[in-house]
Amino acid sequence: MLYKKIATIAKKQGYSIRKIERICNFSNGTIRAWRINNNAPARKLKQVADLLNVTVDELLKD
């Protein structure tokens with residue numbers, strides 16, 4: 001659910017998942033891995049939220 005939420009918000013804002021990973025200096029596939037375990041380190045999740053101009057809570061909402 002976390003990955004899907006990020007992907008949906010990112011698409012609306014014109015970002016690809018890979019572009020977010022590059023901007024945040026994440027390894028390729030970092031965010032995609034969150035799709036499997038639905039878990040992300042707080043620091044990285046905050047970086048994504050800041051980039052997308054949303055709150056971490058918004059990313060975590062079902």
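Positions are given from 1 along the sequence.
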How would you list, by chain and number, every residue that makes a side chain to side chain contact (heavy atoms under 4.5 Å, CB included) with T8, sequence neighbours excluded?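 For T8, the residues satisfying side chain to side chain contact (heavy atoms under 4.5 Å, CB included) (neighbours in sequence not counted) are K4, K12.
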If you compare all heavy atoms of E58 against all heavy atoms of K5, which two are closest, and at what distance to 0.1 Å?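 The pair with the smallest heavy-atom distance is O-CE, 3.0 Å.
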Between D50 and K46, is there a salt bridge with N-O shorter than 4.0 Å? yes
Presence of salt bridge, R32 and E21, under 4.0 angstrom: yes
Residues that, via side-chain heavy atoms closer than 4.5 angstrom, fall in one hydrophobic cluster with V56: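 Members alongside V56: L2, Y3, I6, I9, Y15, I17, I20, I23, F26, I31, W34, L45, V48, L51, L52, V54, L59, L60.
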Please check if atom CG in N53 has more than 12 non-hydrogen atoms from other residues, nucleotides or ligands closer than 6.0 Å. no
Any donor-acceptor N/O pair, S27 side chain to T30 backbone, under 3.5 Å: no
